[in-house]
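What follows is a set of notes on a single structure, which appears directly below.
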2 protein chains.
Amino acid sequence: MAQKVAREIALRVPASCRPKSAKDYEKSPITESIEEYTEGVYRLQEELDEVGTGDIAKYMSCTSASVTTMLKRMSDLGLVEHTPYQGVRLTEKGEALSISLLRKHRLLECLLVDFLQLPWDDVHDLACKLEHYISEEVADNISKALGSPVTCPHGNPIDATTPVTGRRLSDCVPGETVRISKITDERPEFLTYIKTIGLLPKTVVAVQSRTPFGDVLTVQIEESSESLPIGRDVAGSIWVYGEKYPEANRN
Amino acid sequence: MAQKVAREIALRVPASCRPKSAKDYEKSPITESIEEYTEGVYRLQEELDEVGTGDIAKYMSCTSASVTTMLKRMSDLGLVEHTPYQGVRLTEKGEALSISLLRKHRLLECLLVDFLQLPWDDVHDLACKLEHYISEEVADNISKALGSPVTCPHGNPIDATTPVTGRRLSDCVPGETVRISKITDERPEFLTYIKTIGLLPKTVVAVQSRTPFGDVLTVQIEESSESLPIGRDVAGSIWVYGEKYPEANRN
DNA sequence: CCAAAAATTTAGGCACAACTAAAAAATTGT
DNA sequence: ACAATTTTTTAGTTGTGCCTAAATTTTTGG
């Protein structure tokens, strides 16, 4: 009663939440998609010597044709150098953007796991989305609130410029005892799998055997023994610390 | 060194982060924009008796033409009932969506202010964006982690179905002493302003005077005295608890 | 009550970013 | 070395959601 009257009202959606019009793209042409592509190229560059249109298409789950169009835009924005029919390489600007996004991504994962108690194998997707919307300042505050963590819950460095140390579990030889450092493949199904077998960061495992043609690695975790395929998507995305070549295996 | 070799790689962007194609919209046609519009209609319905295309256009800072197109889509999705040239009304489905979004929004604001220590007058915009990306489960976890707060930092109920109590500061009369309950206008500039004069939720203020034509209200906050325009966008969006008509003012 | 003003809708167009299909370039195999 | 295959690019289409301009409906005022 006498509550709803006036016509003029100040309620407004924040400009940042308003759907974009053609004009808005002129002002800030770096869209969420462009960011996602840029970060994708960074991640792929960490795994591959050269990144091609097809690699990005696989990463983004889209057609090569779509990638070509995007690469044109990214190139115009100075994020990548693209030589048609050759490959892509991030520019300094593109690299800086990726590093910033990875920092936000990994700090968000820390927040989601450490403070909000969300499942370790589940937070990657959400962080992937949220990373585009938080500012450096918000990231700073997350870091402060959590006591300045240095890695995400999967062991990856919050500061992506940290030099790579350790090596892949797939490069280990029988007889070695190593400690899991990080998991670079963060697909939920994969993380759920390695969680159930107990391959979490900081776990110590002993490499037991490796099949003749080098396809399967057997590792001992705690009391049990597990077999893993060697390849980019399993033992290759699990990184470890530990002695490189134990005496027993020197020729 | 033997680090980058393989071609086949498992790295994939999560489906939820991939830019949408035409096909994707068929599967989940409720876009972020649709959500933002729906929530907007809810907010406007709380302030106005009837909500028209123009009201929404002001709220979204876009043209009425754009609103008409969106209302068509929202109507097709069963979120609103729209009678052309008349007005809009949320359906139960639209209301449920709004209530869910408001809960996420306000819990996010709690997280941003209480845990991440972000400025009180600054978190609304960010929460407005993030609310579209978190699930009910994430919202539940935020609530748990923060000890089940019942209002956002601006005093608005996390459960939007909470019956409205209290009244507007603009409806108070000289002589009353009231306690600020909530601020419904969350534009940063406005919040910054009322923060500097100390009009935060839970503050007790005394209404001192009101100009003859009812345009300006003078209130005493702590030691100082402030004048506020009466209208939807200032004293009208500040809600208070307190005795309705103090004895002194009964005719 | 009818004309002027205001609000709303229709019509036509644009940018983003996906898609398919077809053309062009690069790589591979004999 | 040249034909076949693979990879990449070009061309043309779709859907979202904005815009402007014009047409329509509703409201307001003489």
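Order of the sequence lines sets the chain letters (A, B, ...), proteins ahead of strands, with each chain counted from 1.
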Handout entry: salt_bridge(D122(A), K195(A)) N-O dist < 4.0 Å
Key = no
Handout entry: Boundaries of the chain B footprint along DNA chain C (any atom under 4.0 Å from a heavy atom)
Key = dT8(C) to dT20(C)
Practice task
Would you tell me if any nitrogen or oxygen in the side chain of T63(B) comes within less than 4.0 Å of OP1 or OP2 on dT20(D)?
Solution key: no
Handout entry: Donor on one side chain, acceptor on other, N156(A) and E109(A), under 3.5 Å
Key = no
Practice task
Measure from the side chain of Y25(B), starting at C-beta and using heavy atoms only, and say which of dC18(D), dT8(D), dT16(D) lies closest.
Solution key: dT16(D)
Exercise for the section: Using atom types as modelled and distance alone, determine if a side-chain donor or acceptor of T69(B) lies under 3.5 Å from a backbone N or O of A65(B). Expected result: yes
Exercise for the section: Provide, to the nearest angstrom, the distance between the NZ atom belonging to K27(B) and the C1' atom belonging to dG15(D). Expected result: 14 Å
Practice task
Please tell me which of Y85(B) and V67(A) maps to the more 5' nucleotide of DNA chain C, matching each residue to the nucleotide holding its nearest heavy atom.
Solution key: Y85(B)
Exercise for the section: Find the distance H82(A):NE2 to dT8(D):P and express it as a whole number of Å. Expected result: 8 Å
Exercise for the section: Give me the bend of the helix from dC1(C)-dG30(D) to dT30(C)-dA1(D), using the axes of the five pairs at each end, rounded to 10°. Expected result: 0°
Handout entry: Polar contact flag, side-chain donor to acceptor under 3.5 angstrom, S66(A)-T63(A)
Key = yes
Problem - Lys/Arg-Asp/Glu bridge criterion (N-O < 4.0 Å) met for R43(A), E47(A) - result: no
Problem - Distance, rounded to the nearest Å, where K58(A) contributes NZ and dT7(D) contributes P - result: 7 Å
Exercise for the section: Return no unless some side-chain N or O of S33(B) is found under 4.0 Å from OP1 or OP2 of dG17(D). Expected result: yes
Problem - Side-chain heavy-atom pair E35(A), S98(A) within 4.5 angstrom cut-off - result: no
